[in-house]
Amino acid sequence: MKKLQMFLRMVGKAFKERKSRVAIAFFAIVVGVGIIASLFSVYYDISIKMSEELRVYGANLVLAPDLQAANKEMNIEQLDKIVNKFDKDKLVGYRPNLYGVAKAKAKGILDVKKPVVLVGTWFDQVDQVNPYWKVEGELLANKSVDDEVVIGKEAAKKLGYDVGDTITISVEETGKEEKLIISGIITTGNEADSQIFVNLSLAQELLGKPDKINIAYFSVLGQNLSSKVKKINKTVNGIELETIKKIASSEGKVLNKIKSLMYLVVMIILLSTLLCVSTTMMTIVTERKEEIGLKKALGAENSNIITEFLTEAAILGGIGGLVGYGLGFLGAQAIGQSVFDSYISFRIMIVPASFILAVLVSCIASIIPVRMVVDIDPAVVLKGE
Amino acid sequence: MGLITLENVSKIYGEDVKALDNISLDIKEGEWVSIMGPSGSGKSTMLNLIGCMDTPSKGVVKIDGIDISELDKKELTKVRREKIGLVFQQFHLVPYLTAVENVMVAQYYHSMAEEEEARKALERVGLGHRGNHLPKELSGGEQQRVCIARALINYPKLILADEPTGNLDKENENIVLDLFNELHDQGHTIMMVTHDPKVGQLAERQINLDHGKLKDTPQISKERGLVS
């Protein structure tokens with residue numbers, strides 16, 4: 001205990017003696033670890049933030065009967081099974097579609113019916129799965145509305161309807177016909193602009209396909225969706241979940257580029273921190289050459305002196321790492337606010353990681369200075385040579 | 001057999017620079033020996049050998065029966081730590097440690113740092129009241145006395161002093177030499193390198209070196225008078 005007390009006394013006083021030098025090394029560690037901690041904090045959140053940002057571009061997974069299936073339809077229960085395989089907090093939304101051919105009366109022209117694609121869907125999921133849809137008027141309020149319809153912009157133009165008009169939809173195969181009020185006209189930039197949308201339950205009734213759907217779109221957060229999809233597909237028969245390549249791959253490419261850039265920046269910062277700390281430690285060893293020689297003359301072994309220097313380096317690194325993490329976390333918040341307009345979450349694992357990294361950097365940077373310690377000859381130093 | 005024995009010791013640097021040339025010497029326990037000679041005579045080399053900071057090129061150096069000629073650096077450090085107390089001309093105190101802590105440094109590398117014992121050692125050299133002062137707050141004489149306290153703290157067999165009064169004024173020189181006298185009277189073995197013939201004459205025996213060789217070594221009585 002007394003030996004440890006004396007050891008700590010020597011180490012503490014050695015720090016105090018060279019405040020300015022120690023401050024330089026400390027500053028280098030704080031800045032280096034700060035930037036790295038900040039980058040890692042942002043990086044861990046970036047996949048989530050990116051994923052959230054990219055959800056604006058729509059679904060990233062699609063569920064459909066597999067290619068071998070004779071019937072291109074599936075039951076709503078099959079959809080529920082797939083839904084249950086995702087974590088609730090990762091599943092932004094999912095929207096099933098049932099397609100069928102119907103005829104719609106054109107406005108103002110008696111008995112002229114034009115073929116249209118009738119789509120049954122859940123409108124409450126549009127904001128989650130297709131947030132880019134532009135709606136003139138309103139979407140259907142809930143799943144039980146059975147007297148309203150939403151039509152695509154092109155279909156509305158072709159048939160001559162506006163919001164508030166009534167449109168008659170009929171299905172020849174079932175002989176069913178409904179008069180529906182147009183609550184909204186949508187612009188999507190894709191084939192949906194030419195389609196007519198009703199609630200899924202109404203479409204199933206009109207088309208005579210209770211509980212059936214053809215396809216379902218999912219918007220899911222997270223990385224490595226492909227492997228998740230593969231796992232899910234192994235557990236189901238007759239249906240297949242697939243990533244929508246365009247969205248998923250662009251997400252992956254951006255993340256990979258950011259990851260490479262981050263690693264490069266981290267390497268450069270680590271190198272510059274190492275150089276700065278190493279140079280400072282070398283100066284400290286040179287300045288303390290006489291003291292080291294004296295200690296050796298008094299009976300200190302190389303291991304004693306090396307332990308003292310490495311302890312100094314480790315303390316410097318440890319405290320620098322923790323302070324650096326604190327600053328890095330603040331930096332990450334600044335980045336999060338300016339780039340994603342949101343805060344970066346606190347991740348406890350980055351705290352010990354910053355601490356260990358800083359201690360390692362500090363100790364590695366001391367390897368060359370410590371080698372100088374071994375070479376110091378007490379006789380030569382004490383003679384003032 | 002003496003505490004220190006040198007048998008045909010030579011130290012050769014490079015191919016033929018002989019710092020010490022075939023020296024044989026025996027120093028008994030309790031003896032005070034001064035090593036004298038002009039610059040370049042080999043005093044420092046001899047001090048380094050006996051202080052276990054170097055090994056001879058030829059011959060045998062024995063300290064308390066241990067032949068250090070074949071020891072490696074680690075083993076030499078151990079012998080130095082266990083057997084020798086060093087006093088330097090330049091004092092060589094750790095500047096950021098107080099007087100008592102400077103004494104404790106020697107304890108720390110030897111065995112255990114005991115502050116009470118270190119303070120007693122300072123009292124022994126008349127510096128009990130200066131224990132908490134930094135070296136820069138002490139006079140040259142006081143620094144040298146801290147150095148002597150540090151040399152004594154581990155009860156070494158031999159006190160090896162290199163020009164201990166070389167950096168002191170007359171008053172402090174007398175204080176330090178009185179201290180060496182006391183230590184000698186208490187039975188310590190002292191080996192002191194000095195340029196100053198007056199300081200050298202305080203020893204029981206003078207060893208004169210010239211160009212690495214021993215010259216006549218006059219014997220001096222305990223009362224510091226020349227007998228042969």
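By convention in this document, chain letters (A, B, ...) are assigned in the order of the sequence lines, proteins followed by strands, and residues within each chain are numbered from 1. Keep in mind that the numbers below use all heavy atoms, side chains included, and drop hydrogens, waters and symmetry copies.
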What do you reckon, is [atom1] of [X] surrounded by more than 12 foreign heavy atoms closer than 6.0 Å?
X      : atom1 : result
B:E70  : CD    : no
A:L275 : CG    : yes
B:Y155 : OH    : no
A:F346 : CZ    : yes
A:F7   : CZ    : yes
B:K78  : NZ    : no

Of all heavy-atom pairs between [X] and [Y], which one has the smallest distance, and what is that distance?
X      : Y      : answer
A:P378 : B:M53  : CB-SD, 4.1 Å
B:V105 : A:M10  : CG2-SD, 4.0 Å
B:T77  : A:A300 : CG2-O, 3.5 Å

Practice item. Begin from the C-alpha positions of B:Y96 and A:E291 and carry the test side chain to side chain contact (heavy atoms under 4.5 Å, CB included) through to its verdict. Key: CA-CA 10 Å; B:Y96 55 84; A:E291 177 196 327; 2.5 Å; yes

Check your understanding: What's the verdict on side chain to side chain contact (heavy atoms under 4.5 Å, CB included) for B:M104 and A:R9, showing C-alpha distance, side-chain angles and the deciding distance?
Key -> CA-CA 11 Å; B:M104 287 165 74; A:R9 214 159 155 176; 3.7 Å; yes

Review point. Measuring heavy-atom distances to chain A, does B:E115 have an atom under 4.5 Å in its side chain, in its backbone, in both, or in neither?
Key: side chain

Point to revise | Interface moiety of B:L93 toward chain A, non-hydrogen atoms closer than 4.5 Å | key: backbone

Exercise for review: Please state whether the side chain, the backbone, both or neither of A:K16 comes within less than 4.5 Å of a heavy atom of chain B.
Suggested key: neither

Practice item. Working to the nearest 0.5 Å, report the span between CD of A:E17 and CG of B:L97. Key: 9.0 Å

Point to revise | Evaluation steps, side chain to side chain contact (heavy atoms under 4.5 Å, CB included), between B:Y108 and A:L298 | key: CA-CA 10 Å; B:Y108 170 78; A:L298 294 177; over 6 Å; no

Practice item. Answer yes when A:K3 and B:E114 have at least one side-chain N-carboxylate O distance shorter than 4.0 Å, and no when they do not. Key: no

Practice item. Considering only heavy atoms and a distance below 4.5 Å, find which of B:Q107, B:H110, B:E101 pairs most often with chain A. Key: B:E101

Review point. If you tally heavy-atom pairs under 4.5 Å against chain A, which of B:G51, B:P95, B:S111, B:G85 wins?
Key: B:S111

Practice item. Show your working on side chain to side chain contact (heavy atoms under 4.5 Å, CB included) between B:T98 and A:K13 and close with a plain yes or no. Key: CA-CA 10 Å; B:T98 60; A:K13 290 203 170 186; 4.0 Å; yes

Exercise for review: Look only at the side chain of B:R81 and the backbone of A:E301, and say whether a donor-acceptor pair between them is shorter than 3.5 Å.
Suggested key: no

